[in-house]
There are 2 protein chains.
Amino acid sequence: MNIKPTIHDIAKALGIDSSTVSRALNDSPRVTPVTKAKILAKAKELGYQRNMLASNLRKNETHTIGVVVPRISRHFFSSAIQGIEESAYLAGYNVIICQSLEQLEREKKIVSGLVANRVDGLLISVSMETLNYDHLEILKKSGIPVIFFDRHCAIEGVSSVLIDDFKGGFDATNHLISKGCKHIVHFSGPQALEIYKNRFEGYKAALLENNIPFNEEYVISSRLMEQDGYISMQKLLAKNLPIDAVFSANDLSAIGAMKHLKEQKISIPDDIAIVGFSNEPVSSVIEPSLTTIDQSGFEIGKVATELMLEHIKNKKTPKKGQTILIETHLIERNSSKILN
Amino acid sequence: MNIKPTIHDIAKALGIDSSTVSRALNDSPRVTPVTKAKILAKAKELGYQRNMLASNLRKNETHTIGVVVPRISRHFFSSAIQGIEESAYLAGYNVIICQSLEQLEREKKIVSGLVANRVDGLLISVSMETLNYDHLEILKKSGIPVIFFDRHCAIEGVSSVLIDDFKGGFDATNHLISKGCKHIVHFSGPQALEIYKNRFEGYKAALLENNIPFNEEYVISSRLMEQDGYISMQKLLAKNLPIDAVFSANDLSAIGAMKHLKEQKISIPDDIAIVGFSNEPVSSVIEPSLTTIDQSGFEIGKVATELMLEHIKNKKTPKKGQTILIETHLIERNSSKILN
DNA sequence: CTGTTAGCGCATTCAG
DNA sequence: CTGAATGCGCTAACAG
């Protein structure tokens with residue numbers, strides 16, 4: 001049998017009308033329990049399975065949310081997807097996951113494909129190539145609600161759910177200060193990118209609040225690769241400045257810095273405490289003494305999805321665009337060892 | 001505008017029939033180039049986008065392949081997905097990725113959802129809970145081709161694309177032998193699982209071929225956690241047997257073993273060479289000296305998809321079930337150091 | 001409570 | 001080459 005039964009097949013077999021079958025299958029109260037039971041039995045017997053294409057076409061809604069991320073394999077995004085799926089499934093929605101692989105061309109195709117398949121909403125974390133976003137701007141006309149998460153575009157009226165990098169940087173610095181550190185280095189990334197700018201601002205704000213003078217010499221900008229952290233630490237030590245701790249804008253460069261300290265036989269836990277924004281759980285495996293700032297992808301996914309579900313519900317009275325910030329979470333490792 | 005234009009809208013605007021529009025949009029040769037151009041222009045002007053729900057319903061095919069994996073975040077599966085997407089997109093197919101999270105209940109829902117959405121084929125790597133597979137057996141009736149990859153079920157007529165664990169174990173052992181090792185330990189997993197059994201058989205076969213006597217004392221079975229590798233190595237050293245190398249059935253326990261060796265100040269590269277089946281690229285970061293056996297997820301994805309596309313094409317004359325084995329790939333790290 | 005009718009948007013006969 | 005008519009499978013008015 002490769003012919004799939006339809007509601008008509010089961011209606012015919014029972015000598016009733018297909019509309020009654022449809023109602024029964026949708027558990028409408030307007031069908032006698034008796035006939036409903038008969039219909040369900042027959043449906044099971046024939047191995048009936050609703051054709052969602054037809055159903056969705058008719059109802060003009062798919063109960064499906066399209067999700068576009070740069071890469072599913074990145075820890076942050078796979079946990080975000082986890083959060084998205086959890087919220088979506090609870091609300092009876094399906095999820096279609098797509099990855100742009102950081103390519104604008106792919107992203108365009110994916111978005112247009114999702115629209116063609118009439119997803120009810122679109123959650124997207126744009127690719128790094130997405131500097132021009134006409135393909136997303138167009139969506140406003142299509143009436144499909146869009147929400148950005150983690151990486152966003154400045155489109156009027158579209159909401160974003162983002163990591164609170166400022167607070168993350170603030171908390172990290174504050175944490176080190178509370179441990180007694182005063183001379184805190186900051187490894188920063190390209191200031192053109194908001195995330196790095198915000199983390200840097202958080203760092204400065206925490207120093208200010210604790211009456212610790214800001215010293216430019218303690219800030220080192222780089223591309224934050226492991227190699228960069230290694231070299232930065234090398235340069236720092238050469239300067240012979242007092243250093244109590246390092247707050248790195250990501251984990252890779254923090255790991256690089258630790259590597260260099262180890263090679264120089266400088267005891268990390270006792271002399272220098274390091275905190276890094278973490279991208280992968282790996283970092284804590286590689287460096288068990290690294291305290292990390294988790295970007296709670298799960299939560300960002302949940303929040304974005306719940307916001308999306310509201311948008312879908314109130315489609316007629318669309319909400320204004322808003323920005324929701326998700327707090328990061330500081331995870332202390334081997335904390336007892338840090339600065340004793 | 002949240003009203004999406006249809007072929008009728010563009011037909012009306014041009015004073016022609018919607019069927020002509022449909023043909024033009026499908027690039028049918030039975031439309032004058034002039035009208036075709038007009039239609040395409042109008043389509044673009046109105047921001048027309050084909051409703052795939054309607055199109056798919058009508059054509060009774062979705063050009064979409066459903067993919068079910070336990071977890072997208074696991075390296076092996078995300079690379080498999082990469083391979084699947086590459087092959088699928090080249091052939092003009094879309095892919096819907098779903099994760100069962102190793103839960104049978106979720107897997108059942110996902111499969112039935114994909115079928116309801118009329119995917120043209122199903123690529124699945126079953127969950128660990130999938131011991132009963134009625135929900136997959138049923139698919140044979142639905143006429144939707146199914147192919148297992150990496151993890152399979154014994155269903156008559158359904159093809160599988162699997163890792164060649166026997167050859168992987170054989171190659172790993174052979175590699176160590178070729179480096180001059182004679183006393184080779186094997187960390188194995190539960191023999192109830194085919195993968196571990198096959199890797200073990202490969203190990204034995206390689207010994208046999210090289211006239212090295214098999215010694216049961218060199219085989220240690222465990223659940224292959226990092227902790228297990230650590231303890232196994234501890235026990236082994238206590239036995240005071242000669243050991244040249246270790247072939248571990250996964251990377252975790254290999255890492256555990258290395259850890260213990262390091263703690264005991266036993267030089268790994270020179271004294272004991274270790275090879276482990278790798279699950280994550282992480283392992284080579286944690287232990288740069290670990291030689292790993294890569295399970296080439298990308299290739300398994302590609303091969304499974306290409307087989308699937310053939311199945312879809314020849315739907316009327318279905319192929320018999322077959323099993324395709326994908327070779328693993330040995331990746332030497334710091335190889336110059338191993339056994340000098 | 002059930003049947004009749006209509007149509008979602010598209011692709012494909014069959015006529016012209 | 002184009003138009004008219006039909007139906008994919010389902011749901012939702014509207015009647016009864």
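Remember, it's a predicted structure, so these values are computed and weren't measured experimentally. Quick note on labels: first sequence line is chain A, next is B, and so on, each numbered from 1.
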- How long is the line joining NE2 of B:His8 and C1' of D:dA5, in whole Å? 11 Å
- Task: Starting at atom CG of A:Asp17, determine the distance to atom P of D:dA15, rounded to an integer number of angstrom.
- Result: 17 Å
- Item | Minimum side-chain heavy-atom gap A:Gln322-A:Leu307 below 4.5 Å | yes
- Please examine the side chains of B:Glu156 and B:Lys140, heavy atoms only from C-beta on, and report whether any two atoms are closer than 4.5 Å. yes
- Task: Could you state the atom-to-atom distance from CG of B:Leu14 to C1' of D:dG3 in whole Å?
- Result: 15 Å
- B:Lys59 NZ to D:dG9 P, in whole Å, measures 16 Å
- Query: Nearest-Å distance, NZ (A:Lys4) to P (D:dC8)?
  - Reply: 14 Å
- Message: By the definition side-chain hydrogen bond (donor to acceptor under 3.5 Å, both in side chains), identify the one residue from B:Gln82, B:Lys302, B:Glu306 that meets it with B:Ser87.
- Response: B:Glu306
- If only side-chain N and O atoms of B:Thr20 are considered, is one of them under 4.0 Å from the OP1 or OP2 phosphate oxygen of D:dG3? yes
- Item | Opening and closing nucleotides of DNA chain C in contact with chain A, under 4.0 Å to non-hydrogen atoms | C:dC1 to C:dG9
- Message: What I'd like to find out is whether the side chain of A:Glu85 reaches to under 4.5 Å of the side chain of B:Arg106, using heavy atoms alone.
- Response: yes
- Query: Can a donor-acceptor pair under 3.5 Å be found between the side-chain atoms of B:Arg23 and the base atoms of D:dG3?
  - Reply: yes
- Trace of the side chain to side chain donor-acceptor pair (under 3.5 Å) decision for B:Ser22 with B:Ser19: CA-CA 5 Å; B:Ser22 173; B:Ser19 56; over 6 Å; no
- Message: Could you tell me how far apart B:Lys38 (NZ) and D:dT2 (C1') are, to the nearest whole angstrom?
- Response: 12 Å
- What's the CZ-P distance between A:Arg30 and D:dA12, to the nearest Å? 10 Å
- Note on the structure: Between CD1 of A:Ile10 and C1' of D:dG9 the distance, given in whole Å, is 13 Å
- Message: Could you tell me if A:Arg50 and A:Asn26 have a donor-acceptor pair between their side chains, going purely by distance under 3.5 Å?
- Response: yes
- Could you please name the option among D:dA5, D:dG9, D:dT2 that lies closest to any side-chain atom of B:Thr32? D:dT2
- Query: Given A:Ile65, which of A:Leu114, A:Ile147, A:Ile97, A:Leu309 fulfils the side-chain contact (heavy atoms from CB on, under 4.5 Å) condition?
  - Reply: A:Leu309
